[in-house]
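Working notes, structure below.
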Amino acid sequence: MTLFKFLFVSGLLFSFSFAVAETDIQFTNMELGAAYTLVRPELNTIELNGRTGTFTPAPALRFFGLGVQKFDVNFSEVINLVDLQFNHLKAKTPTIQFNNGSLELNVALNDQDQVLQSRLGSLSINGVALVAVLGWEAQADGTQKLSILKTRFNGDMTGTGLLKPPFILGKVRSYLLKLLTQQVQTVLDRPFVQESIQNGLISWAKFYTGEQYHSITPNSIRFFDDALVAGISYKVQ
């Protein structure tokens, strides 16, 4: 056998063994709920007060290197009122689930009158939740990065005085979603977070099959949602 034939046949055999070594893995809302309970999400706190926001992660998230996040609130993007500020707006325990072919982070806010105040008006909320829809973005090297695809505002917001007009309420809703996007994306952009996600998927594959795998097949991660179950699926090798 010539060297060329040997290399050609060896390449075919390697490609075949590489292909058959791929294994399909699934992780559904049932497993997600159990895993999320373990990190004790009720210990996360989110509060907006004055012109400052603070996110204090639960101990399990601090263990993975995620620290307290403080961020400024710039109301000049909404309306030019120097005295406009939050009045101890607090979030309920965040929830996360696979839904409609994506991963949804839901940050519900406590109902509160006059949650935003100025000398010329106030703003109240009822049943409000900020929802970040997460999906996978393909990278040049074939890996996939979890990122925010879009956000939405659920619930009712009402205003008095200068904060009553619908276009002002719309600007405030948009600004709250912008704050959510900035803070969640800041977390997701940290290399150790994306690395932890990838390592977690590989570890789950071992738990799922009892076999050891070294990597996720490029561009194989996707969210799915059918009549019976929703979750994430991917291939490992």
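Just so it is clear, the structure is predicted and the values come from calculations on it, not from any experiment. This chain uses plain numbering: 1 for the first residue, then up along the sequence.
Among residues two or more places apart in sequence or in another chain, the side-chain hydrogen bond (donor to acceptor under 3.5 Å, both in side chains) test is passed with Thr151 by none. In this structure, the salt bridge (charged side-chain N to carboxylate O under 4.0 Å, His left out) partners of Arg40, at least two apart in sequence or on a different chain, are Glu42. Residues forming a ring pair (Phe, Tyr, Trp, His ring centres under 6.0 Å) with Phe167 (at least two apart in sequence, or on another chain): none. Looking at residues two or more places apart in sequence or on another chain, you find no salt bridge (charged side-chain N to carboxylate O under 4.0 Å, His left out) involving Asp111. Residues passing the salt bridge (charged side-chain N to carboxylate O under 4.0 Å, His left out) test with Asp24 are Lys235, sequence neighbours excluded. Checked against side-chain contact (heavy atoms from CB on, under 4.5 Å), Thr56 has the following partners two or more places apart in sequence or in another chain: Thr45, Thr54, Arg62, Val68.
Counting all heavy atoms, side chain and backbone alike, Gln69 lies closest to Val187 at OE1-CG2, 2.8 Å. Taking each heavy atom of Thr23 and Tyr213 in turn, the nearest pair found is OG1-OH, 3.1 Å. Contact record, Leu66 with Arg190: CD1-NH1, 3.1 Å, taken as the closest heavy-atom pair. Scanning both residues, Leu179 and Asp72, for their nearest heavy atoms gives CD2-O, 4.3 Å.
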Please tabulate, for the side chains in residues 93-103, all donor-acceptor contacts under 3.5 angstrom to protein atoms that are two or more places apart in sequence or on a different chain.
| unit_1 | atom_1 | unit_2 | atom_2 | d |
| --- | --- | --- | --- | --- |
| Asn99 | ND2 | Glu104 | OE1 | 3.4 |
| Asn99 | ND2 | Glu104 | OE2 | 3.4 |
| Ser102 | OG | Asn99 | O | 2.9 |

Listing, residues 136-143 side-chain donor-acceptor contacts under 3.5 Å, not counting sequence neighbours, or none:
| unit_1 | atom_1 | unit_2 | atom_2 | d |
| --- | --- | --- | --- | --- |
| Gln139 | NE2 | Glu137 | O | 3.1 |
| Asp141 | OD1 | Thr143 | N | 3.0 |
| Asp141 | OD1 | Thr143 | OG1 | 2.6 |

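For the pair Ile232 and Leu201, the minimum side-chain heavy-atom distance is below 4.5 Å.
A donor and an acceptor atom, one from each side chain of Thr158 and Ser124, are nowhere located under 3.5 Å apart. Side-chain atoms of Gln183 and Thr186 include no donor-acceptor pair closer than 3.5 Å. Judged purely by distance below 3.5 Å, without hydrogens or angles, the side chains of Tyr234 and Thr217 never pair a donor atom with an acceptor atom. Side-chain contact, His88 with Glu47: a donor N or O sits under 3.5 Å from an acceptor N or O.
Clustering of Ile, Leu, Val, Met, Phe, Trp and Tyr by side-chain heavy atoms under 4.5 Å joins Met30 with none of the others.
Listed by first and then second residue, the salt bridge (charged side-chain N to carboxylate O under 4.0 Å, His left out) pairs involving residues 87-98 amount to none (not counting sequence neighbours). The salt bridge (charged side-chain N to carboxylate O under 4.0 Å, His left out) pairs that include a residue from residues 208-233 number zero, where partners must be two or more places apart or lie in different chains. Residue pairs meeting the salt bridge (charged side-chain N to carboxylate O under 4.0 Å, His left out) criterion with at least one partner in residues 168-182, sequence neighbours excluded, are Glu77-Lys178.
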